[in-house]
2 protein chains.
Amino acid sequence: MGTTQLETVPEPKYWHLRTVLSEALDSEFTVGEILPNERDLAARFGVARATLRQALEQLELEGRLQRRRGVGTTVAPPRVGVAVGTGQHAWPGMQGDDRQPVDCTLATPPAAVAAALETARDEAVHIVRSTRTTHGQAIAAELLYVPQASVPDLSAIDAPSGPARARAVLRGLQRLELEGRDSAVELGSARADDAKELDRLPGAPVLVVTTRFLAAGRTAALSVATYRADTCRLTFGASGGVEIQDGPQRQAS
Amino acid sequence: MGTTQLETVPEPKYWHLRTVLSEALDSEFTVGEILPNERDLAARFGVARATLRQALEQLELEGRLQRRRGVGTTVAPPRVGVAVGTGQHAWPGMQGDDRQPVDCTLATPPAAVAAALETARDEAVHIVRSTRTTHGQAIAAELLYVPQASVPDLSAIDAPSGPARARAVLRGLQRLELEGRDSAVELGSARADDAKELDRLPGAPVLVVTTRFLAAGRTAALSVATYRADTCRLTFGASGGVEIQDGPQRQAS
DNA sequence: TAGTGGTCTAGACCACCAA
DNA sequence: TGGTGGTCTAGACCACTAA
């Protein structure tokens, strides 16, 4: 990172800084390495700390950096490929699934969810909370909304809530024949509870995956999963082939 | 937006402000309506303009607001659902496709692309630039990398570049039998050229969709499409059913 | 307790757009 | 030309982490 000055260019300083830093990351740093602190970096480039931070934010958004309060800024590893829309039609919670049920409650869902499930606005549904982890890192928090009608024979002997209940609901779902599913991906910002679970600050960028599970001609369940946008690449394999896992798809600058 | 003061709460001001504004948007504003300018809003809530802007940035990231320099801040319409991984295996540029070829060149691709295509590092490939538009709005800029081996019989009479050449390359692809495709979605920031095409500033958040097209047992083409993250919801229909188009999946606060 | 990133302020000037 | 959002500064203090 020999550069110490910014020549006057017609592009914003923070953008040019982002490019300079990006190239430095490629050539002079290794994954996990700690960068100098923000005050030093700002001084080194002759800009205000706020401007330097704007550049760092960009790079964090692109998954190049990881910043942690009280610790420092480190070079992030390449994004993890996470299979989301597998070709196999499978219910969540099947064998080989890396979801870990955390909790299950019975409550009235948000209006938008009720509409998608075609349930009455005030009808309670099962809400299964799970997390997905890879390499010990939480990468996603998922809420699965299951109308009571989809799992009619939940035995009363099961726990009324908690992980055991969650697994019972998932088992109930697997008795239905899954006819198909469709998903949508959009950008969002982490709510306080999701942020905590994902070890991020509120407002951190996340990829929200909404999946409808179709069975018996209707929406049998709806999943809203929140993935860390900085560390995840969501893969949708529509072919029978092998999925790209750690592909190096980085946008050139 | 009657609120004029922020009580002291243990959460950041900008986050609380985001919540307050979000609720105001739901209840007191209609799509397309213009908000007061940033200086007025900041004064009204008793915060610095930078803090107010942090809240607006969040809301823009969530697709709730649209800000345009020299114009103002308006309430954004719901995100548009864009079909990305259609169940039908189809080459890009088929009938009914809303891609509009813009240009086509022959050049050596970035190293990461060459690796995915299994071409030599210095081997030139066809690069087809297209845009996707809905309602007259550019929502995506796409680069399609096609190895020359995939379209061996490109007639010399076609134009060497430009839209006509692009269509010729796409026609060539359609002669191959498509065996499958897989996609990956990740968050990125718009490069200068994409930003211009999408009517955004450089660094604007985008969803980058990388698609591999498989034919004859190998990767016959690779597409890197850049979607406006603020206005798009990408839909992946793995079922035969109807796609969600304008679903109201909004994260509750 | 020392050092980090996160929040916030109160200004200034610039680039862009519409009237 | 006047008003908008975009960039930038030079500070201050806070929340968190690790030693």
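Protein chains get the first letters and strands the later ones, always in sequence-line order, with residue 1 at the start of each. All values reported here derive from a predicted model rather than from experimental measurement.
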For B/Asp193, enumerate each residue passing the side-chain hydrogen bond (donor to acceptor under 3.5 Å, both in side chains) test, keeping only those at least two apart in sequence or located in another chain. B/Arg191

Which residues pass the side-chain contact (heavy atoms from CB on, under 4.5 Å) test with A/Asp40, not counting sequence neighbours? A/Pro36, A/Asn37

Sorted by chain and residue number, the side-chain hydrogen bond (donor to acceptor under 3.5 Å, both in side chains) partners of B/Arg129 (sequence neighbours excluded) come out as B/Asp194, B/Glu197

Below 3.5 Å, can you tabulate the donor-acceptor pairs from side chains in residues 104-113 of chain B to any protein atom, sequence neighbours excluded?
none

Nucleotides 3-11 of chain C: protein proximity per nucleotide (B base, S sugar-phosphate only, - neither; heavy atom, under 4.0 Å): BBBBBSB--

Just jot down the side-chain contact (heavy atoms from CB on, under 4.5 Å) partners of A/Thr73, sequence neighbours excluded, or say none. A/Leu35, A/Leu65, A/Arg67

